[in-house]
Amino acid sequence: VKDELRVFLGQHPNFKEIEDYLPTQRGKSLDGSKLELKEHQKQALAALEEMRCNFETIALLYHATGTGKTVTAVMDAKRFGKRTLFLAHTVELVDQATKTFRELWPRATVGRYVESMKQGNAFVVCGSIQSVALNLERFKPDDFGYIIVDEAQFLTREEVMYLVGLVDDLGIPVICYGLRADFKGDLFPGSEALLVMADKIEEVKTICWCGKKAVCNARFDESGHVLKEGEQVVLGANDQYIGLCRKHWREGNLGPGFHP
């Protein structure tokens, strides 16, 4: 249900942001000086650096579920060193990004920009799309030197074109992280628009339980059955997601070690 609520609240900007509508996410603290990046994260960072060297300024990094994209995004922003705006659809994702930025980039001031707190003067601003969109007059177009959009698959075409304008007219690099396709194998609207408009398309690789590349985002229910039918977004469901290779997605095979 968490993923569905994320999408629902993200697509309805008139809804008030809610701080505690989801369970608190628990995770280990990160230490930027001791962080061991995974191989696919290193490859993604190298691709982003190459993109900037080639003056390609809008990119889509698509991935399967479970690739550690927030860490990748933060490390890339830290390497680039410009004032950064991180956008997400929900308070939970904003809080997750804020925590990760503070742990991995301790020298940068990091602020939250949500309904309950607007720290817009920080060097790194992690904000909800709703709050930033409703307060655009408080920002100058060139306030930021780098923009990151999380879960970009939920962008509309109009929102993608707005980002394209920032890139082409102001020269601000924009990096969008998102899923390419849903659990049925259909493109998300935001990803489809970015596949057309982006200067750079990069796949953040991860693996299926069998060791092959995971290319499908499988949705499974509380009984462990892989679902192939249904709405792209279903409110109130208890479904979860996992990255699978095409063969095991087609078979609905979550692996011998899977326990629902």
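Since this is a predicted model, take the numbers as computed values, not measurements. Quick note: residue numbers are just sequence positions, from 1.
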Asker: Looking at side-chain heavy atoms only, is the closest gap between E115 and L134 below 4.5 Å?
Answerer: no
Asker: Starting from the C-alpha separation in whole Å, work towards a yes-or-no answer on side-chain contact (heavy atoms from CB on, under 4.5 Å) for V124 and W105.
Answerer: CA-CA 10 Å; V124 175; W105 197 357; 3.7 Å; yes
Asker: With a 4.5 Å cut-off on side-chain heavy-atom distances among I, L, V, M, F, W and Y, is there a chain of contacts connecting L195 to V164?
Answerer: yes
Asker: If the condition is salt bridge (Lys or Arg N to Asp or Glu O under 4.0 Å), which residues does E192 pass it with, not counting sequence neighbours?
Answerer: none
Asker: Starting at CD1 of I175, measure out to CG of D150 and round the result to the nearest 0.5 Å.
Answerer: 13.0 Å
Asker: List the atom pairs, donor and acceptor, that lie under 3.5 Å between side-chain atoms in residues 246-253 and the rest of the protein, sequence neighbours left out.
Answerer:
residue: K247; atom: NZ; partner: E251; partner atom: OE2; Å: 2.8
residue: W249; atom: NE1; partner: F183; partner atom: O; Å: 3.1
residue: N253; atom: OD1; partner: G255; partner atom: N; Å: 2.9

Asker: Within the distance-only criterion (no hydrogens, no angle test), does the side chain of T109 pair as donor or acceptor with the backbone N or O of F123 below 3.5 angstrom?
Answerer: yes
Asker: Taking the six-membered ring of F144 (Phe, Tyr or Trp), confirm whether the NZ or CZ of R83 is under 6.0 Å from its centre and within 45° of its axis.
Answerer: yes
Asker: Under the side-chain contact (heavy atoms from CB on, under 4.5 Å) criterion, do L60 and K200 qualify, and how do the steps go?
Answerer: CA-CA 6 Å; L60 167 65; K200 179 80 172 180; over 6 Å; no
Asker: I'd like to know if the side chain of E103 reaches the main chain of T100, judged simply by a donor and an acceptor atom lying under 3.5 Å from each other, with no hydrogens or angles considered.
Answerer: no
Asker: Going by salt bridge (Lys or Arg N to Asp or Glu O under 4.0 Å), name the residues that satisfy it together with R102, two or more places apart in sequence or in a different chain.
Answerer: none
Asker: Is there a donor-acceptor pair under 3.5 Å between the side chain of T84 and the backbone N or O of K82?
Answerer: yes
Asker: What's the spacing between N54 CG and D199 CG if we round to 0.5 Å?
Answerer: 10.0 Å
Asker: From L227 CG over to R219 CZ, what is the distance, rounded to the nearest 0.5 angstrom?
Answerer: 6.5 Å
Asker: Report the C-alpha separation of V94 and F86 in whole Å, then their side-chain angles, then the decisive distance to 0.1 Å, and conclude whether the side-chain contact (heavy atoms from CB on, under 4.5 Å) test is met.
Answerer: CA-CA 8 Å; V94 170; F86 182 99; 5.8 Å; no
Asker: Is any side-chain heavy atom of C245 closer than 4.5 Å to a side-chain heavy atom of C210?
Answerer: yes
Asker: How long is the span from the CE atom in M51 to the CG atom in D76, to the nearest 0.5 Å?
Answerer: 7.5 Å
Asker: Which pair of non-hydrogen atoms, one from T70 and one from A97, has the smallest distance, and what is that distance?
Answerer: CG2-CA, 4.1 Å
Asker: Can you run down the salt bridge (Lys or Arg N to Asp or Glu O under 4.0 Å) pairs that involve residues 133-148, sequence neighbours left out, and say none if there aren't any?
Answerer: none
Asker: Closer than 3.5 angstrom, by distance alone: can the side chain of S191 be matched with the main-chain N or O of L179 as a donor-acceptor pair?
Answerer: yes
Asker: Between D186 and D182 (side chain of the first, backbone of the second, donor and acceptor by atom type, cut-off under 3.5 Å), is there such a pair?
Answerer: no
Asker: Keeping to residues at least two apart or across chains, list the salt bridge (Lys or Arg N to Asp or Glu O under 4.0 Å) pairs with something in residues 207-218.
Answerer: E203-K213
Asker: Using the salt bridge (Lys or Arg N to Asp or Glu O under 4.0 Å) rule, collect all pairs that involve residues 39-49, keeping only residues at least two apart or in two chains.
Answerer: E49-R52
Asker: Applying side-chain contact (heavy atoms from CB on, under 4.5 Å), run through I58 and M197 and close with a yes or a no.
Answerer: CA-CA 8 Å; I58 183 168; M197 290 293 166; 5.6 Å; no
Asker: Once you round to the nearest 0.5 Å, how far does CZ of R79 lie from OH of Y146?
Answerer: 11.0 Å
Asker: Is the Y241-F220 ring centre distance short of 6.0 angstrom?
Answerer: no
Asker: Less than 4.5 Å apart, side chain to side chain, heavy atoms only: is that true for L37 and V71?
Answerer: yes
Asker: Treating Q130 as the side-chain partner and H89 as the backbone partner, does any N or O pair qualify as donor plus acceptor under 3.5 Å?
Answerer: yes
Asker: For the side chain of Q153 and the backbone of F188, is there at least one donor-acceptor N/O pair under 3.5 Å apart?
Answerer: no
Asker: Quick one: pull up CD in E159 and SG in C176 and give me the separation to the nearest 0.5 Å.
Answerer: 10.5 Å
Asker: State, with a plain yes or no, whether a side-chain heavy atom of V125 is found less than 4.5 Å away from one of Q119.
Answerer: no
Asker: Would you indicate whether the side-chain heavy atoms of L254 and I242 approach each other to under 4.5 Å?
Answerer: yes
Asker: Between K78 (side chain) and L104 (backbone), is there a donor-acceptor pair under 3.5 Å?
Answerer: yes
